[in-house]
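First up is the structure itself, then whatever we jot down about it.
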Amino acid sequence: MTEFLSLADLRALARDCLTRAGAPEGVARAVAAEVAAAEAAGERANGMEALLRDIRLMRYGRLTPATQAQQIRTRPGFMRLDAHHGFAAAALSGVVSDLAGLARAQGIAVLRLERSSDPGGMICATASLGERGLAVLAFGPEGPGRIGHPDLSGPAVLPTPPRDALRLLFPDIDPTQPADSPIGGLVGHVGWLIALDAALAGDHFASAAIWDGATLPATAASIACSAELLEQIVRA
């Protein structure tokens, strides 16, 4: 059986399930927004399936939702964000303004997210930076990334992010990620966000070849979800 949920209802359901599992209200709100954004983009693996996985990880004690993320500035234009084994979406939502300010001050800013839950598409952070007038690249060690720009309605999917170029500057990028299984240690994923002040750069980013493989954003207003998956999430 298939249920159809509006994005508002889906967000509310995710937030409620997260708070019942022990997530603070602000954390639940940020994670629920990311889940809804992923579902709107047609990415079930980063949406409701990720929600079920992460609630279970909270139950197993592998994901600690109440921890406070920590900013570490090690050099101009570079920010490390230690999520302390908490949710990636919540950690990123707390530093978007600071990262935008750093990008405007330096022209470009690089953020490395560390020791977090699987960051998925980082859609909300990428969209928020784009709304602030910045061009953005977001990606993890594996899979597609996101690309954002002030002129886009939302982040586009980038099948092959420029990881090799980043490894020249930061050779410690780990190409593997920990398994999110019931056994094992605390979550420890990483991710990258690169924000560029499009105006200061003359907006060459908008005409760069990197756009050639990007899939422009598409969003759905109503989400189809199996009743079985919804029941698993509610009972998790």
Side-chain angles (χ1 to χ4, degrees), residues 26-27 29-31 33-34 37 67-141 144-158 160-174 188-211 214 216-217:
V27 171
R29 193 163 48 247
V31 176
E34 185 70 20
T67 54
Q68 295 292 318
Q70 178 186 10
Q71 279 189 51
I72 305 166
R73 305 281 185 96
T74 58
R75 66 190 80 169
F78 180 62
M79 178 193 299
R80 288 175 53 205
L81 179 61
D82 187 346
H84 290 290
H85 313 294
F87 278 104
L92 290 170
S93 69
V95 300
V96 164
S97 293
D98 290 344
L99 184 62
L102 191 62
R104 292 193 187 96
Q106 302 287 338
I108 187 171
V110 178
L111 178 146
R112 174 179 163 129
L113 173 68
E114 303 173 354
R115 299 201 301 170
S116 77
S117 67
D118 188 330
M122 295 182 277
I123 299 173
C124 290
T126 304
S128 183
L129 288 165
E131 290 166 1
R132 286 169 163 81
L134 300 171
V136 192
L137 284 171
F139 52 90
R146 279 294 193 288
I147 188 168
H149 189 273
D151 293 338
L152 280 182
S153 60
V157 175
L158 186 65
T160 54
R163 294 186 182 90
D164 290 341
L166 197 62
R167 286 190 180 100
L168 295 175
L169 299 175
F170 305 98
D172 62 334
I173 292 180
D174 187 353
H189 292 271
V190 301
W192 294 87
L193 274 171
I194 303 173
L196 175 72
D197 189 320
L200 286 178
D203 207 10
H204 301 299
F205 189 88
S207 59
I210 196 170
W211 285 99
L216 294 179

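Interatomic distance, Ile108 CD1 to Asp197 CG, rounded to the nearest 0.5 Å: 10.5 Å.
With hydrogens and angles ignored, the 3.5 Å screen pairs no side-chain donor or acceptor of Ser116 with any backbone N or O of His85. At least one donor-acceptor pair closer than 3.5 Å links the side chain of Glu34 to the backbone N or O of Cys124.
Closest approach of Ala83 and Thr67 over heavy atoms only: O-OG1, 3.4 Å. Residues Phe87 and Ser117 come closest through the heavy atom pair CA-OG, 3.4 Å. Nearest heavy atom pair, residue His149 against residue Ala135, reads CD2-CB, 4.2 Å. The two atoms that bring Ala69 and Ala91 nearest to each other are CB-CB, 3.7 Å, heavy atoms only. Contact between Glu114 and Val190 at its shortest, heavy atoms only, is CA-CG1, 4.2 Å.
Of the options Ile72, Val110, Leu111, a side-chain contact (heavy atoms from CB on, under 4.5 Å) to Phe78 is made by Val110 and by none of the others. A side-chain contact (heavy atoms from CB on, under 4.5 Å) with Pro155 is found for one member of Ile123, Ile147, Leu129, Val136 and no other, namely Ile123. When the options Thr126, Leu81, Leu137 are evaluated for a side-chain contact (heavy atoms from CB on, under 4.5 Å) with Leu193, the one that passes is Thr126.
In terms of the salt bridge (Lys or Arg N to Asp or Glu O under 4.0 Å) criterion, residue partners of Arg115 (sequence neighbours excluded) are, by chain and number, Asp82.
The shortest side-chain heavy-atom distance between Leu196 and Gln106 does not fall under the 4.5 Å cut-off. Between Glu131 and Pro150 the shortest side-chain heavy-atom distance does not fall below 4.5 Å. Annotation: side chain of Arg73 is in contact with side chain of Leu102 (closest heavy-atom distance under 4.5 Å). Proximity of Arg146 to Val157: side-chain heavy atoms (C-beta onward) are separated by under 4.5 Å at one or more points.
At a cut-off of 3.5 Å, with distance as the only test, a side-chain donor of Arg132 or Ser97 sits close to an acceptor on the other residue. For the residue pair Gln68 / His84, no side-chain donor-acceptor distance below 3.5 Å is found, with atom types taken as modelled.
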request  = Begin from the C-alpha positions of Gln70 and Val95 and carry the test side-chain contact (heavy atoms from CB on, under 4.5 Å) through to its verdict.
outcome  = CA-CA 9 Å; Gln70 178 186 10; Val95 300; over 6 Å; no
